[in-house]
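A short worksheet on the structure shown next.
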2 protein chains.
Amino acid sequence: MTTRSRRPTIRDVAERAGVSKSLVSLALRDDAGVSDTTRARIKQAAADLGYRSNSLARALVQGRTGQVGVVVTDLTNPYHAEVALGVEDAATTAGLTTLLANGRRDPGRLAAHLHTFLELNVDGLVVVSSRVEPEVLSSVAREVPVTVVGRPESLPAGVDNVAGDDRHGARLATEHLLGAGHRRIAFATASTRPAARARRAGYAEAMRAAGLGDGTVHVVGDDARDDSIDAVLDSDATAVFANHDLLAVDLLDRAVDRGIAVPERLAVIGYDDTDLAARVRPRLSSVDQRGAALGGTALDLLRERAGGRSEDRHAVLTPVLRVRSSSA
Amino acid sequence: MTTRSRRPTIRDVAERAGVSKSLVSLALRDDAGVSDTTRARIKQAAADLGYRSNSLARALVQGRTGQVGVVVTDLTNPYHAEVALGVEDAATTAGLTTLLANGRRDPGRLAAHLHTFLELNVDGLVVVSSRVEPEVLSSVAREVPVTVVGRPESLPAGVDNVAGDDRHGARLATEHLLGAGHRRIAFATASTRPAARARRAGYAEAMRAAGLGDGTVHVVGDDARDDSIDAVLDSDATAVFANHDLLAVDLLDRAVDRGIAVPERLAVIGYDDTDLAARVRPRLSSVDQRGAALGGTALDLLRERAGGRSEDRHAVLTPVLRVRSSSA
DNA sequence: CTGAAAGCGCTAACAT
DNA sequence: ATGTTAGCGCTTTCAG
């Protein structure tokens, strides 16, 4: 039953069609210079044998694999998954295949995956993580084009980057709340990394523009049960802009527990526009980073590099506000 | 800056160390029969050059790549993502690397990914989907070991399988509701595929055992706004067991909209124990299929095949009930 | 212990 | 239009 026999090679096809090895190669790749009749005969032979070309061998001789590696910090984060899908779509369109690996928020594991991909001779790498050491990025980028999606602490030379305009997104969210008449608007974050800092800056900017000083920033604990979540609810804020959806959902939850009506007594808005935002009650307003577009852009940058560009590019995408009932 | 120079090969290392090509190969793989001093010299030379072996070339000559392909129906489904992570963990432990591809619920795309992986000469395939055509599975399984995770309509010979015990899981859920005193318990599902049928059977079994006949089954529409969701709420049921978490969450939502108290007036329990279950309000009770364990088992089966087993194996894992406030 | 040579399956330059 | 030949980078006999 399980006839796991040796796979037919180009040689077997040649023999069956009664031609030479190289002619088979040409014919199968629809290269010019093969008569129609011969080509038909060869293709028939290949089909008969169930021949499928060995991409390993081809890659070895051509020096390129047509594969791009995507390394993601955390696939269980729907935003990251969305970026990965965006890369995959663009790659498929370009006739490339993607390999995906999950780093689980661990810089060591992330680096290991990058090296595995290098050994597989991928033609390019997309890093959906801001946790990879700059030295690692830069050493990897010496071998193949690399695009980082997101905002790492520092980005070495030789590496491309694409990120959402966090500052602008934060301004959108804050201005939306201001427009609804809120004055005491707080910003809450558990992170102090670059993306969070940019959002904080955008928030402060909008507050200042409205003559409200720098606003109020709450740096909360990572844990939903943390008292710092309560501190936000205990403040006099009538609206809170959370650095990401998960935090916003935690705030929503605590508010429900404590009988604080959302959005009547407290408006809440998140960031990332994950599935969760559209599922919780009340529906969470959120800033959409357009993850799929980020992923697609990352692949474009890779292809530009492969095409010869040598100066670094840092692309920025404009996010979009999705208003739902948590802030309406 | 971007010195994307030719990667050093085993030849360069040999030259630098002043030995022959093959000796480098032996030394680097810690093969016996190389003197310690020579080995040290060779390793030093390799390190100096930043040599990294070309896995393509190695795979070509060895006929195996050390890679297993994982094809998932829908990575945005957290349950599937969990299975994929389980495979990855087990693979890493076994010194294998995993390649991940996303099929987006499309049988055509799923099949295409399987073939891509075959061309990459993976040593085995894990299919986390019940949507791949049996003919595709069986043709693929002629070339490499294949394990399907889940319950496809039909499973061809030559393919291994691992699935949760859906019948048992459904019984657990139903018995839990019975134990809480419920009598009018409904089963709701949008699917009529094998997993759903098995859960329905488990539900009916538990109901009969309690002397409640076959119970009441609602086949609802896929869409949350569908009236059929309301039909469940309008029935006289005091508890509902939903075929999966997303459906359970839709029920929860509609119940909230209509002022139906959960769990006081209606208890709800889901299946899959996704992140969502622990995040919605009220917290959703759910049956945990133990996705990571399913993934790990899938890899074990693959390795057994590679080790020479020729008869098919169908492994079954026992699920676990997670009780939260939606049914307490 | 070390080196030379063959070959994995394919492509591409070079004949014919 | 078709065939020959020389590798891609590595492992693996088989002689020295």
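Numbered from 1 within each chain, the chains take letters A, B, ... in sequence-line order. Every heavy atom of this structure was used, including side-chain atoms; hydrogens, water molecules and symmetry mates were not.
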Please report the distance, rounded to the nearest Å, between [atom1] in [X] and [atom2] in [N].
{"X": "Leu28(B)", "N": "dT11(D)", "atom1": "CG", "atom2": "P", "answer": "8 Å"}
{"X": "Lys21(B)", "N": "dT13(D)", "atom1": "NZ", "atom2": "C1'", "answer": "13 Å"}
{"X": "Arg11(A)", "N": "dT4(D)", "atom1": "CZ", "atom2": "C1'", "answer": "13 Å"}

With a 4.0 Å cut-off (strictly under) to non-hydrogen atoms of chain A, the first and last hit nts on DNA chain C, 5' to 3', are dG9(C) to dA12(C)
Checking Asp74(B) now: which residues fulfil salt bridge (Lys or Arg N to Asp or Glu O under 4.0 Å) with it, not counting sequence neighbours?
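Asp74(B) satisfies salt bridge (Lys or Arg N to Asp or Glu O under 4.0 Å) with Arg105(B) once adjacent residues are dropped.
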Positions of residues 112-120 of chain B (non-hydrogen atom under 4.0 Å from DNA chain C), listed by number
none
Please check the phosphate of dT12(D) (OP1 and OP2 only) for any side-chain N or O of Arg29(B) closer than 4.0 Å.
yes
Please determine whether a side-chain nitrogen or oxygen atom of Ser35(A) lies at a distance below 4.0 Å from atom OP1 or OP2 of dA1(D).
no
Under 3.5 Å, which protein N or O atoms sit close to an N or O of nucleotides 14-16 of chain D? Give each pair with its distance.
none

Between [Y] and [X], is the closest basic N to carboxylate O distance under 4.0 Å?
{"X": "Glu143(A)", "Y": "Arg52(B)", "value": "yes"}
{"X": "Arg305(A)", "Y": "Asp300(A)", "value": "no"}
{"X": "Arg104(A)", "Y": "Asp89(B)", "value": "yes"}
{"X": "Arg303(A)", "Y": "Asp123(A)", "value": "no"}

Nearest 0.5 angstrom please: Glu119(B) CD to Leu56(A) CG, how far?
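Here the interatomic distance stands at 11.0 Å.
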Pairwise distance CG(Asp165(A)) to CG(Leu317(A)) - rounded to 0.5 angstrom:
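Reported value, rounded in 0.5 Å steps: 9.5 Å.
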Just by modelled atom types, is the Asn161(A) backbone N or O under 3.5 Å from a matching donor or acceptor in the Thr147(A) side chain?
no
Counting the atoms with a prime plus P, OP1 and OP2 as sugar-phosphate, which does Thr9(A) contact under 4.0 Å by heavy atoms, base, sugar-phosphate, or nothing?
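Result for Thr9(A) = sugar-phosphate.
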Search all heavy atoms of [X] against all heavy atoms of [Y] and return the closest pair with its distance.
{"X": "Ala306(A)", "Y": "Pro145(A)", "answer": "N-CG, 4.3 Å"}
{"X": "Ser154(A)", "Y": "Pro134(A)", "answer": "OG-CG, 3.4 Å"}
{"X": "Leu49(A)", "Y": "Pro8(A)", "answer": "O-CG, 3.4 Å"}

Donor on one side chain, acceptor on other, Glu88(A) and Asn102(B), under 3.5 Å
no
Using a cut-off of strictly less than 4.0 Å between a heavy atom of the residue and any atom of DNA chain D, enumerate the qualifying residues of residues 39-60 of chain A by number.
Leu60(A)
Please tabulate, for the side chains in residues 125-133 of chain B, all donor-acceptor contacts under 3.5 angstrom to protein atoms that are two or more places apart in sequence or on a different chain.
| from | atom 1 | to | atom 2 | distance (Å) |
| --- | --- | --- | --- | --- |
| Ser129(B) | OG | Thr73(B) | OG1 | 2.5 |
| Ser129(B) | OG | Arg131(B) | N | 2.9 |
| Ser130(B) | OG | Arg193(B) | NH2 | 2.9 |

